[in-house]
Structure formats: C-alpha cells, structure tokens
Amino acid sequence: MYNINVLLLIFNVILFKTTNSYTILNSIRISINSSQIFQSSCSTYSPIPLIDPITVDIKTLAEDLSACRYSSSDLVRWYLSRIDAVNRQGSHPLHAVTETNPDALEIANALDQERHINGSRSILHGIPILIKDNIATYDKMETTAGSLALFGSRVPRDAFVVQQLRKAGAIILGKASLSEWSNFKSENVTRAGWSARGGLTNSAYVANGDPYGSSSGSAVATSAGLCAAAIGTETAGSIVSPASRANIVGLKPTVGLTSRSGVIPISHDHDTVGPLGRTVEDVALLLEVIQGVDSRDNATQQQGIIRHQNYTQFLLGIEGLRDLRLGVIREGINITDERQNRVNEAIKLMSIHGASIIDPVNITISDDDTITDDLQSLASYNFRDDIINYLSELKNTTIRSVKDIIKFNIEHADKEFHPEYSPNQNVFISIENKTNMTTNDYIKLYNKTRLIGGRDGIDAILAQHKLDGLIIPDVTHEITVFASFAGYPLIVVPLGFNKSNDEPYGLMFAGTAWSESMLLRIAHGFEQAFSVRNTVRPKYAEQYGYILQLLFKIIEFLKKLKLI
C-alpha cells in the first residue's frame, strides 16, 4: 500500500502543476495513514482510480479485488465520480445514465466485508453493472423505459436477470438511458437515444453522434468507462447496433436463453436480454450469470434449449479460428470503400489463422420495406397485450394500457415529444386503433417470417455451405431482422474507426438457435487476432486524459513487477 500512496502523491503533484487547479488538488485527498485500514477493507480512500476505466475488463477487476489492490467501494466511488463528471456535465454530456443507485456504496461495503469473511460469490462479486431502464430493479431506482408516464411507479420484484446478477454479487450501479419505449413510440425519428426522462444520449467518440439503437445508454456507458459492463435488450438490432457504434462487444442471445420477466416488453416472440462489455470475455461472463430457466417466462422453458453454465470455456483465442468454416455475406452490404477494405483485412487475417472462408455466400434477400413492415406488424400485435400484462403488476400508477400511455403523452406533450427525436406517438396510436389483424393472421405471419429468417434464411445458408457461422460486415444488414424473426443470436466485435471522425464500427457474426458457444468462440478468436478497441479512446469520456493514461500505464507496470 505504501507504493500506491507514493505513486498517488506524485500524481497529485503532477496534476496540480499541470492544471494549476486548487479545486482539483483539493479533491484528490489520499490517506497515507490508511494502510492499517486497507488490510481489512482493501480501500485506497482515494478518488484517483487505480484502473483505466476505458480499457479495464471484468477479469482484471476481479483479480485486483481478490488481491486487495482496491475495494468494490473504491470502484463504486470511481465510477460515480466519472458519471458525475461526463454524464450530465462538461462540453459534451453523454446522458448515458438516467440515475445511479443511492444504495450502491452501501451494497459495495457489504460485499467487501463478505469477500473478506467468506470469499467471493463469483467473478462478478463487487463488480458495478448498469441496467437498461426498461429492466425492473426492486430498489429505490425507477424503471420507466425512458417515459415520464411510468415515473414513480413501483415494480413488484427484480427482473429475473437482475436477480441473477445480485445472487452473483454484482452491484447494480444504476440505470442506463435508452430510446424511449425502446424506440417503439415514434416513427420518422432522426436518431436513437432520446427519452423524455433521460434526454439525448450522445456518442463518446463523435460530437452529437448517434448511438444507433435503443440500448444506447448501456453501450455508451460501457464504452466510456462509466461501469464495468451493462445489460441491454434487443428486439431487432437494439444491442448489436449501439455496441457497434460504441466500440464494444454486444451479444444478442437466442430468445429464451435469458428471461424477459420484469422487462418492459415490445414482443414476447422477439425480445431478448443480453450483455454489453468491453471484451468478448466480459459478455461471456455476464451471459453465464444472466441466463437461466425462469418460471415467469415460458420461452426459457421450451424444449431443445442449449444452455451452458460456463461460456468462457469456448473462448479459445486465435486458436479457436482454426478449422472453422465461415461464410461472408456481401449482398445487401452498403458501406464505404474504407470500411470494406477493413473488412477484407479482417477476413484475410481470420483465414491466416486457420478459418476456411467462403466468400461470398448468398442469402435470399427480401424487400427491406416488406420485412420491416412484417416485424412492425408482429411487434405491434404482441405489444398491446404484453404491455398490459407488464403494467398490471405495477403499483403507484394509473397507467394500465396503451390508451393510458397515449393519454398521458398528450397531457404532457411539452415533455414527452421532441420535434426531431420523438415527434409523435403514431406507433402507439396505430396499435390502439389496429383491428385488422386476427390471431390467425398473426400466427400465419409469425410462422412465415420465422421460416424466412430461420429455416429458409440463416439455417439454409449455414447448411448449404456447412458453415459454423456467418460474417456480416454491417449491423444494418437485414440479417439482423432475420435473426429477430427466428429469435437467433448475434454478436458484434469492434472492427475499426472511420478516418474522418473516429466513429467506431464493428463486425457482426450470426448463427443458428442456441449457437452462443460457437459465436463466442468465433468472436473471441477474431478479437484476439484483430485487436483494435484500445487504439482510439473515447474523446468525450476523458478527464485529464493524457495525465491519467500515464498514471494507468505506471500502475500496470508496477503491477507486473508485483510492487502493488
């Protein structure tokens, strides 16, 4: 501990001389005489993070906590400090977090004591996680889907995935922003990430950048180091799209692998809950915890589910690419030559490391408008009853139906609408007025689209070429909709940055139902062979960036020498 304090004192002086700011210097108070306390609590009692929050992964955090380099209480304080500095303040506030858990520090203290006495519950013990604000937490925080209509309502219990996280010892640090009602309220919006409650979520890489999906806060907060990792939801693209734009890994699990109970729904046939992390290993570790059979979600009880208690066993590094057969989707891809060249580099590297690449492979492409309309029709049919079922369990609210939501929005139009980001509620109005789809109509359309996405789509191309997975150069490809139709998994991994503005983009991999183990293997092999995430840092998430980066490098060096 002496070495840490000396290091922090040196940094204290450097920061003071560099910034000449008494306020900053005064905020960095380090207790030199806390070594005796540190032995029992592991706390550094310093607001200076002994980690690089932009790059640190869950495994490193867990190892440091076990080695008593710092405590979970420290982690919570460091993350809360970052959230306070860049989430709603500064020249480019991110608006990625709607609120923080007022009990987070108390929970962290209890978990620190538990670790000291009984050891860790799991690798997630004491790790701060953000939860998308459409996932119920039975605590002092709100669950609103970004809507003021649900503000103040009380949920009956934690969502199943939150229960799983708490059992594993994870700290629910706060709620992440999202596109209001998971982008299911308005059409003709100019960008994602706006909600009446949370404001406009911004990219940490590009000024006023579109986070590009309803799990926007979860993705931006993870990329900006406001949490260790986050949980999001996807109906069609809402995890993989913002993950791609945020330079992180996002996994959309097969529908039924993770429970949706306690999640504000769009469609029970298409919704899924998944992890977002800075590495493939991070999402694998989270998936191990949040997956499971839930008595409140029939999809988790269906026959034929392939689930694993250990998903990290499939992370084989570069060697995992050997002998894989991967097909490249080219038709329907519309990206710049710059990005195309980057994709080709990645594919070539995977081939060098032993993967057999079939390039291109053809897939039956439907009319974009038709498949989008079909998915909208299916989701609209389900939403009307699904949202009633969810709202029926809430306390302290009069909102019980789509009609009630519409009425509330009209009465609070000055807050609930935005001319660019939420200009209307025509999706809700259409759902409320729709009478032309019968149950039989729905079943026919559902079966038709499931075949389009599954048997005649993703499965057909995998079988035709005996493939282990598909490579998709752009998350906007209709494979994302096919995966929604069939309930199939997707994973996206950082690929590169646009030269003009450093905006990130990712490479997506797709597979058949319950193929998470294979997708994680592919993604991990690619990530290890083509590691790019830390080559460009999120410019709008840095506080005294160069100075802190220097400190983090010194800390890592001293850790390797086992001096701290």
Side-chain angles (χ1 to χ4, degrees), residues 51-52 54-64 66 122-124 127 222-223 228-229 240 243-244 247-253 274-289 291 306-328 342-359 467-473 489-496 504-512 514-536 556 559-560:
I51 55 166
D52 183 348
I54 303 295
T55 63
V56 70
D57 55 39
I58 289 174
K59 184 178 180 181
T60 299
L61 291 174
E63 289 173 348
D64 284 356
S66 295
S122 75
I123 196 170
L124 292 184
I127 303 295
T222 302
S223 74
V240 293
S244 177
N247 190 34
I248 61 170
V249 181
L251 171 65
K252 177 223 172 187
L276 299 101
R278 286 185 278 275
T279 67
V280 174
E281 184 177 44
D282 284 354
V283 301
L285 291 169
L286 283 169
L287 184 64
E288 290 175 0
V289 170
Q291 64 85 30
I306 301 172
R307 59 174 81 249
H308 301 276
Q309 300 304 312
N310 179 358
Y311 280 96
T312 56
Q313 66 179 303
F314 304 108
L315 308 185
L316 306 178
I318 295 173
E319 283 299 309
L321 295 172
R322 190 175 303 280
D323 299 325
L324 291 182
R325 288 179 59 83
L326 305 175
V328 184
R342 190 70 168 171
V343 170
N344 293 339
E345 290 175 20
I347 291 170
K348 182 179 179 180
L349 191 59
M350 284 188 279
S351 177
I352 289 172
H353 287 294
S356 296
I357 307 295
I358 295 82
D359 186 6
L467 301 175
D468 296 298
L470 298 174
I471 300 171
I472 301 97
L490 300 167
I491 192 168
V492 66
V493 184
L495 175 62
Y505 53 83
L507 188 65
M508 189 165 72
F509 302 97
T512 190
W514 321 116
S515 64
E516 283 78 6
S517 58
M518 178 57 70
L519 292 185
L520 286 165
R521 173 182 169 179
I522 297 168
H524 191 249
F526 168 70
E527 175 192 58
Q528 299 303 302
F530 205 77
S531 181
V532 299
R533 182 178 187 274
N534 296 330
T535 58
V536 176
E556 288 304 309
K559 282 169 64 177
K560 288 179 182 179

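Contact check for Gln291 versus Gln309: side-chain heavy atoms found under the 4.5 Å cut-off. Proximity of Leu251 to Val280: side-chain heavy atoms (C-beta onward) are nowhere separated by under 4.5 Å. Taking 4.5 Å as the limit, some side-chain heavy atom of Leu520 sits within range of a side-chain heavy atom of Val283. Between Arg278 and Val56, some side-chain heavy-atom pair lies under the 4.5 Å cut-off.
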| request: I would like to know whether Val328 and Ile347 meet side-chain contact (heavy atoms from CB on, under 4.5 Å); could you show each step before the answer? | output: CA-CA 9 Å; Val328 184; Ile347 291 170; 3.7 Å; yes
| task | Could you walk me through whether Thr279 and Lys59 pass side-chain contact (heavy atoms from CB on, under 4.5 Å), step by step? | result | CA-CA 10 Å; Thr279 67; Lys59 184 178 180 181; over 6 Å; no
| field | Test log, rule side-chain contact (heavy atoms from CB on, under 4.5 Å), inputs Val249 and Asp282 | value | CA-CA 8 Å; Val249 181; Asp282 284 354; over 6 Å; no
| task | Test Glu516 against Ile306 for side-chain contact (heavy atoms from CB on, under 4.5 Å), laying out the working first. | result | CA-CA 9 Å; Glu516 283 78 6; Ile306 301 172; over 6 Å; no
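Interatomic distance, Leu286 CG to Ile127 CD1, rounded to the nearest 0.5 Å: 10.0 Å. Distance OH/Tyr505 to CG/Asn247: 11.0 Å, rounded to 0.5 Å. For the atom pair CZ (Arg521) and CD (Gln313), the distance works out to 12.0 Å, reported to the nearest 0.5 Å. The structure places CZ of Arg533 at 7.5 Å from OG1 of Thr55, a figure rounded to the nearest 0.5 Å. Interatomic distance, CE of Met518 versus CG of Leu326, reported as 8.5 Å (0.5 Å rounding). Atoms CD1 and CZ, on Ile358 and Arg325 in that order, are 4.0 Å from each other to the nearest 0.5 Å.
Across Ile491, Leu349, Leu495, a single residue satisfies side chain to side chain contact (heavy atoms under 4.5 Å, CB included) together with Phe526, and that is Leu495.
Contact between Gly511 and Leu519 at its shortest, heavy atoms only, is N-CD2, 3.8 Å. Scanning both residues, Ala243 and Val492, for their nearest heavy atoms gives CB-CG1, 3.6 Å. Smallest separation of non-hydrogen atoms from Ala510 and Leu490: CB-CD2, 3.5 Å. Scanning both residues, Ser515 and Pro489, for their nearest heavy atoms gives OG-CG, 3.5 Å. Of all the heavy atoms in Leu61 and Ala228, the pair that sits closest is CD1-CB, 3.7 Å. For the pair Thr222 and Ala229, the tightest heavy-atom approach, listed with the atom from each and the gap, is OG1-C, 3.9 Å.
Under a 3.5 Å cut-off, the side chain of Ser244 and the backbone N or O of Val240 do not form any donor-acceptor pair.
A salt bridge links Glu345 and Arg342; the closest N-O separation between the charged side-chain nitrogens and carboxylate oxygens is under 4.0 Å.
Taking the six-membered ring where the residue is Trp, Phe314 and Tyr311 present tilted rings, their angle falling between 30° and 60°.
Among residues two or more places apart in sequence or in another chain, the salt bridge (charged side-chain N to carboxylate O under 4.0 Å, His left out) test is passed with Asp57 by none.
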